[in-house]
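First up is the structure itself, then whatever we jot down about it.
Every heavy atom of this structure was used, including side-chain atoms; hydrogens, water molecules and symmetry mates were not.
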Amino acid sequence: MAENESPESGVVEEKPKKKGKRAAAAQEHDHDHDHDHDHDHGHDHDHDHDHDHHHDEDEDEFTFVEEPVFDVDYKGECAYEVKVTIPAANKKKQADEMYEELKHDAEVPGFRRGRAPRQILERRFAKVVRSEVDGKLVGASFRKLIKDKDLKPIALPDIDGLDDKAERKEEDPLVFTLKFEVAPRVELGKYRGIKVERPVVTVKDTDIEEALEEFRGRYSTFETLAEGVAASGDQVVIDFTGTVDGEQFPGGSASSYPYILGTKRFFSEFEDVLLGCSAGDELTTEVKLPEDSPNSDLRGKTAQFAITVKEVKRRSLPELNAEFAKKVGADSIEALRERLAKQLQDGSRETSERIARGRALDAVIEKSTYEIPKSLIASVAQNYVEEEVRRLVRMRVPIEQIEQRMDEVKKQADESAIDEIKRTVTLNEIGEAEGIEVTDEDFESEAAQIAMQTGVQTDLVSRYISEETDRRSMYESRIFRAKAMNAVMEHAKITDKEVPSDEIEEAQSK
């Protein structure tokens with residue numbers, strides 16, 4: 001289970017989107033990657049108001065002459081099939097009202113407006129009236145169903161059984177089947193008093209000195225060696241050509257490539273042959289290509305590389321003196337050390353807290369049970385698939401290799417989608433249980449935090465996140481879930497455990 005509270009796939013906001021008689025759940029991404037509360041799946045509180053199927057007042061106030069009968073068949077995994085029987089009296093009432101409207105409004109040749117007989121109107125408009133009556137009764141029955149049964153559909157329903165209009169008699173009831181899915185459901189386990197181990201790393205003097213050297217290295221330059229040989233840390237500018245069975249292969253050649261020895265970004269055989277080289281050297285080496293190479297034709301094969309060393313450069317570091325400190329915005333080198341120490345300490349605390357929050361949410365999820373609609377899993381998983389494909393394309397992995405990986409990619413996408421949905425609905429349910437509300441002060445705090453991170457004025461950020469309803473809903477959902485997670489942590493039994501820095505890095509990457 002991931003240590004973060006929500007994977008970096010992006011925000012998922014469920015919105016009805018018409019597709020024939022089906023309204024499919026569409027996804028929108030918010031790639032701010034806040035791991036506490038990235039995604040919303042339209043759970044019961046529905047802070048995005050995306051799953052409320054709004055209708056005008058006339059539809060909401062619809063009154064049946066005789067109540068429809070609902071035969072509810074729950075299929076599991078949030079899927080429903082409901083046989084609806086609407087007594088014929090409702091059809092008659094709606095048809096009478098429509099013909100009365102038509103009588104006053106329709107222009108019928110040979111009759112003054114409002115004087116055309118009903119039978120004439122029926123001959124001209126029967127098909128249209130029947131369709132309108134069916135539509136109105138179907139919509140009204142669906143609204144009544146979800147209200148009476150307290151259901152939260154994530155999309156408009158599929159409708160079966162309305163295609164036999166010609167066979168229906170006026171005295172027959174209107175019978176059809178609604179098929180739809182509802183929002184994910186969670187039966188929360190214990191979420192108060194969760195035991196959490198929080199990994200803690202103490203920042204040591206050696207860490208500060210390493211950070212200072214790393215910071216100093218950002219301002220270093222590489223200067224060409226007039227003489228001497230390449231050592232670890234030096235930069236070698238090389239041309240190289242790789243062949244397998246005498247043929248060059250994609251990604252196996254480069255010109256004037258700057259490579260820093262010791263970074264191990266290339267094969268170890270490259271490092272071995274380049275150490276001790278000089279400008280002008282012509283070198284060769286053999287490399288066994290990895291078994292997991294993106295190109296399946298190259299996996300496990302031996303490649304021959306011809307390398308020409310064009311330059312050898314050595315890093316020149318700036319002196320740690322008052323001049324350098326002033327250049328980087330510090331009063332002195334000691335002040336720079338203190339600044340770096342604070343950054344390390346703040347970063348360590350943030351990482352520890354993020355891991356602890358992830359573990360706490362994992363513990364709640366483990367104690368809870370879920371029902372998740374298949375269509376929602378498919379929609380969220382598809383976003384993961386598309387993102388992974390884009391990543392592989394950026395890495396210049398051949399299309400045929402991407403296609404070969406698709407089964408693995410889709411499997412991982414399904415697992416990530418389920419995990420993401422569970423995290424979202426869990427936090428939404430906790431927020432409801434805790435009676436959490438999002439206030440104007442919360443929005444102001446969120447805007448201030450974003451402003452601090454981006455350097456944009458707070459009032460501009462506040463205006464941005466509030467100027468559009470959908471955008472405000474997205475941030476409202478995010479804040480809601482963050483406050484829910486805070487409630488879990490406030491009641492958690494947290495134990496700090498000192499760990500090495502590499503262990504916390506490993507925990508963060510899970």
Side-chain angles (χ1 to χ4, degrees), residues 2-8 10-14 28 30-52 152 183-196 198 349-368 370 419-453 458 461-462 464-466 469-494:
E3 293 294 336
N4 300 319
E5 288 151 36
S6 177
E8 292 189 70
V11 160
V12 181
E13 307 295 343
E14 292 284 315
E28 293 178 357
D30 171 26
H31 286 287
D32 63 15
H33 298 310
D34 188 296
H35 289 203
D36 286 348
H37 38 254
D38 276 344
H39 306 280
D40 181 32
H41 298 280
H43 191 47
D44 290 357
H45 74 274
D46 200 6
H47 277 267
D48 299 298
H49 309 293
D50 290 332
H51 291 312
D52 293 336
K152 307 292 181 183
R185 292 164 169 166
V186 54
E187 184 177 334
L188 277 181
K190 177 183 178 182
Y191 69 87
R192 285 195 173 202
I194 290 292
K195 293 181 180 180
V196 180
R198 178 167 54 199
R349 279 194 295 269
E350 289 174 6
T351 301
S352 294
E353 185 65 18
R354 184 164 57 250
I355 292 172
R357 289 164 74 88
R359 288 176 174 176
L361 185 55
D362 286 342
V364 178
I365 289 172
E366 188 176 346
K367 297 174 184 296
S368 304
Y370 300 85
D419 182 61
E420 176 188 337
I421 295 167
K422 284 182 177 180
R423 292 172 181 274
T424 298
V425 298
T426 300
L427 289 174
N428 285 342
E429 189 73 11
I430 291 171
E432 289 291 344
E434 291 290 319
I436 288 172
E437 295 182 355
V438 178
T439 65
D440 290 340
E441 289 75 15
D442 292 325
F443 271 95
E444 291 171 7
S445 177
E446 180 80 0
Q449 184 176 355
I450 295 172
M452 184 174 63
Q453 293 170 347
T458 302
V461 175
S462 181
Y464 172 80
I465 67 178
S466 300
T469 301
D470 285 351
R471 188 181 298 151
R472 183 179 176 87
S473 293
M474 180 187 71
Y475 279 96
E476 186 178 5
S477 298
R478 174 188 302 175
I479 295 167
F480 181 88
R481 289 191 292 276
K483 293 180 76 172
M485 193 67 235
N486 291 341
V488 173
M489 297 304 290
E490 286 168 8
H491 297 98
K493 297 176 181 176
I494 302 172

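- When every heavy atom of Thr458 is checked against every heavy atom of Ala451, the shortest pair comes out as OG1-CB, 3.5 Å.
- Proximity of Arg423 to Ile365: side-chain heavy atoms (C-beta onward) are separated by under 4.5 Å at one or more points.
- Expressed to the nearest 0.5 Å, how far CD of Glu366 lies from NZ of Lys422 amounts to 10.0 Å.
- Ala360 approaches Val196 most closely through the heavy-atom pair CB-CG2, 3.6 Å.
- A donor-acceptor pair shorter than 3.5 Å can be found between the side chains of Thr426 and Tyr370.
- For the residue pair Thr439/Asp442, the side-chain donor-acceptor check at 3.5 Å is satisfied.
- At a threshold of 4.5 Å between non-hydrogen side-chain atoms, the residues Thr351 and Arg354 count as touching.
- Residues Tyr191 and His491 fail the side-chain proximity criterion, which asks for heavy atoms closer than 4.5 Å.
- Note that the CD atom of Glu350 and the CD atom of Glu353 stand 10.0 Å from one another [nearest 0.5 Å].
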side-chain contact (heavy atoms from CB on, under 4.5 Å) between Ile194 and Met489, worked out | CA-CA 8 Å; Ile194 290 292; Met489 297 304 290; over 6 Å; no
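- Of the inter-residue distances, the one linking Phe443 atom CZ with Ile479 atom CD1 reads 4.5 Å to the nearest 0.5 angstrom.
- Shown here for Lys483 and Glu437, the closest heavy-atom pair between the two residues is NZ-O, 2.7 Å.
- Nearest heavy atoms, Leu427 versus Ala484: O-CB, 3.3 Å.
- With sequence neighbours excluded, the residues satisfying side chain to side chain donor-acceptor pair (under 3.5 Å) with Ser466 are Arg472.
- Side-chain contact check for Gln449 versus Gln453: some heavy-atom pair is nearer than 4.5 Å.
- Residues Arg481 and Asn428 form a side-chain contact, since some pair of their non-hydrogen atoms from C-beta on lies under 4.5 Å apart.
- Under a 3.5 Å cut-off, the side chain of Ser445 and the backbone N or O of Glu441 do not form any donor-acceptor pair.
- At a threshold of 4.5 Å between non-hydrogen side-chain atoms, the residues Leu361 and Val488 do not count as touching.
- Nearest approach of Arg198 to Ser352, heavy atoms of both residues: CG-O, 3.6 Å.
- Legend: residues meeting side chain to side chain donor-acceptor pair (under 3.5 Å) with Tyr464, ordered by chain and number and at least two apart, are absent.
- Counting heavy atoms from C-beta on, the side chains of Arg185 and Val425 never come closer than 4.5 Å.
- Glu187 meets the side chain to side chain donor-acceptor pair (under 3.5 Å) test with no other residue; sequence neighbours excluded.
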